[in-house]
Amino acid sequence: MSRFAEPQAAAFQALNSSVAFDQRLWPQDLAGSRAHAGMLGLCGIISAQERDVLLGGLEIVEEELRDGSFAFLPDDEDIHMAVERRLTALVGPVGGKLHTARSRNDQVATDVALFCKETARALRAQVTSLMADLVALAETHLDAPLPGYTHLQRAQPVYLSHHLLAYVWMLDRDRQRLDFAGTQADRLPLGAGALAGVNFDTDRRMVAKELRFDGVMRNSVDAVSNRDFVLDLLHAAATCATHLSRLGSELVIWSSQEFGFVVLADGWTSGSSIMPQKKNPDAAELLRGKAPRVVAHGAALHGVLHALPLTYNKDMQEDKEHLFDAVDTLALCLAAARGMLDGATFNRERMAAAASDDLIAATDLADLLVRRGVPFRESHGIVAGLVRHAVASGRGLGELSDAELAAQSPYLDPSVRPVFERGSWLESKISEGGTALPRVREQLELARALLAK
Ligand code: ARG
C-alpha cells in the first residue's frame with residue numbers, strides 16, 4: 001500500500017531523484033547498513049538469524065555494485081532506496097527489517113560523514129605528497145636567485161627555494177584545515193532516526209565503534225540537521241584550490257617568453273590549432289580557473305543551509321553535488337600541480353639575469369644609509385632620486401659615477417659600492433624566515449621535520 005493515489009509526475013521524479021550522483025556513496029551506505037544490522041541483532045531488536053540473512057544479502061548487493069552488475073531502476077530515488085529494494089528482492093520481506101530504528105535522514109547524514117572523513121584523509125595525503133615534491137625542488141634550487149615581486153613589479157630577489165617553500169607552509173595550513181574538517185565529521189549521526197530518536201533501545205556507540213567514528217552526535221535533532229562538516233571540508237578545499245591557483249598563475253607567468261623562468265613538460269601543455277609555435281600552459285591556467293568553482297560550491301552550500309528550519313529538508317540533498325564536484329576538482333588540481341612541477345625545468349640563468357637588475361639593490365642601499373645614521377624616510381628619498389637619475393639615463397645604479405652618486409647626497413660616497421653586488425641582496429636578508437641561505441636551510445629542516453611527522 002502507498003499513501004498516494006497517483007504516481008509521481010515525471011518532472012518531479014527528475015527533480016527529486018538523487019541516485020545519479022549519490023550512488024557513489026554505496027560503499028559508505030553498505031558499511032552503515034552492516035553496522036546497523038549487526039547492532040539490531042546484538043540488541044535483540046531483530047533475531048540473530050534475521051541479521052545473518054540481512055548481512056548475506058548485503059554481501060550480494062555489494063558484489064553487484066562493485067562489479068557494475070547492479071541494475072538501478074527508474075523508481076530508485078536514491079542509493080539508500082536502491083540498496084533496500086534490491087536487498088528485499090534478494091532475501092524477501094526480511095529485507096524490510098533493515099530499516100528498523102533508522103531513517104533515511106540519519107542514514108544519509110552518516111553516509112556523507114563517512115565520505116567526508118575518508119575524503120579529507122585522501123586529500124591530505126595528496127597535499128602531503130605535493131609538499132614533499134616542493135621540498136625536494138627547493139633542495140635542488142636552494143641557491144638559484146629569482147626576483148621576488150610585489151604588484152608583479154621586481155621588488156627584491158629571493159632564492160627559488162625560498163619562494164617554493166612558501167607554498168609548503170600554505171599547504172601545511174591546508175592540511176590542518178582538512179584535519180579539522182575530518183574531525184568535524186567524526187561523530188555518528190545514525191540512531192537519530194527521522195529526528196527525535198527511535199523507539200528501540202539501540203546501541204549507537206557500538207555502531208560508532210564499528211564505523212570508526214570517534215563518538216555519537218549528542219542530539220538527534222542536530223544529528224539530522226547538521227552539514228557543518230561538509231561546509232568545513234568545502235572551506236578547506238576552497239582555500240587549498242586557491243593556493244593552487246596562485247601556483248598555477250605563477251607557472252603561467254614564469255613560462256611565458258617574456259619571463260622564461262621555467263619550461264613546462266610537453267605532457268602538461270598543449271598546442272594551438274592555428275599557431276604552430278605555441279606551447280600553452282593550459283594545465284597551469286586551469287589550476288587558476290578551477291579554484292573559483294571550488295569556492296563557489298562552498299558558497300552554494302551556505303546558501304542551501306541558510307535559514308533552513310531544523311531538521312531535515314530536501315534542500316539538503318543538494319549538499320552532495322557541491323561536495324563531490326569540489327573534492328573531485330581539488331583532487332585533480334593537486335595531481336596536476338604535482339605533475340607539472342615534476343616535469344618543469346627551471347632556467348636558472350634567466351632567473352638570475354632578471355634578479356641581477358641592480359635597481360633591486362635600492363632597499364639595501366637605503367638600509368645601508370640608515371645604518372650610517374640617516375633616518376629611513378630620508379634615505380628612501382635619497383635612493384629614490386638616485387633610481388630616477390639612473391632610469392632616466394638608462395643605466396643601472398652600479399654604473400653611475402662617484403660624482404653622480406655624490407650629487408644625490410653626501411652620504412653616497414664610494415664606500416657604498418659593495419651594495420651593488422648581486423649576491424649581497426640575498427645574503428643580507430638574515431632575519432628569521434628571510435631568504436639568506438642559512439635561514440632557508442633552517443626552513444628546509446623545519447619543512448622536512450614537518451613531513452617526517
Ligand atoms: N536522497 C536524500 C538526500 O540525499 C536522502 C534522505 C531523504 N530523506 C527524506 N526524508 N526524504 O538527502
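Whatever order the structure lists ligands and atoms in, that order sets their numbers, starting from 1.
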Basic-acidic side-chain contact under 4.0 Å: Arg104, Glu77: yes
Trace of the ring-ring contact (aromatic ring centres under 6.0 Å, His included) decision for His243 with Tyr167: CA-CA 8 Å; His243 289 158; Tyr167 283 99; 7.9 Å; no
Under-4.0 Å heavy-atom contact with ligand 1, by part of Glu77 that carries it: neither
Protein contact of atom 6 (C) of ligand 1 - nearest heavy atom, named by residue and atom, plus distance: Tyr312 OH, 3.4 Å
Per-atom contacts of ligand 1 with Ser18, taking only distances under 4.0 Å to non-hydrogen atoms: 1 (N)
Protein heavy atom at shortest distance from atom 11 (N) of ligand 1: Arg104 NH2, 3.4 Å
Salt-bridge present (Glu250, Arg246; N to O < 4.0 Å): no
Closest approach of any protein heavy atom to atom 2 (C) of ligand 1, naming residue and atom: Gln317 OE1, 3.2 Å
Where ligand 1 meets Asn105 - atom numbers and elements under 4.0 angstrom, heavy-atom basis: 8 (N), 9 (C), 10 (N)
Polar proximity ligand 1 side, Asp78 side, N/O cut 3.5 Å exclusive: yes
Minimum heavy-atom distance between Pro438 and Glu427, given as atom pair plus value: CD-OE1, 3.6 Å
Face-on cation placement of Lys117 at Phe229 ring, 6.0 Å and 45° thresholds: no
Pair Gln107-Asp111, side chain to side chain donor-acceptor pair (under 3.5 Å): steps then yes or no: CA-CA 6 Å; Gln107 187 181 358; Asp111 291 4; 4.9 Å; no
For atom 4 (O) of ligand 1, the protein heavy atom that lies nearest, with its residue and separation: Lys320 NZ, 2.6 Å
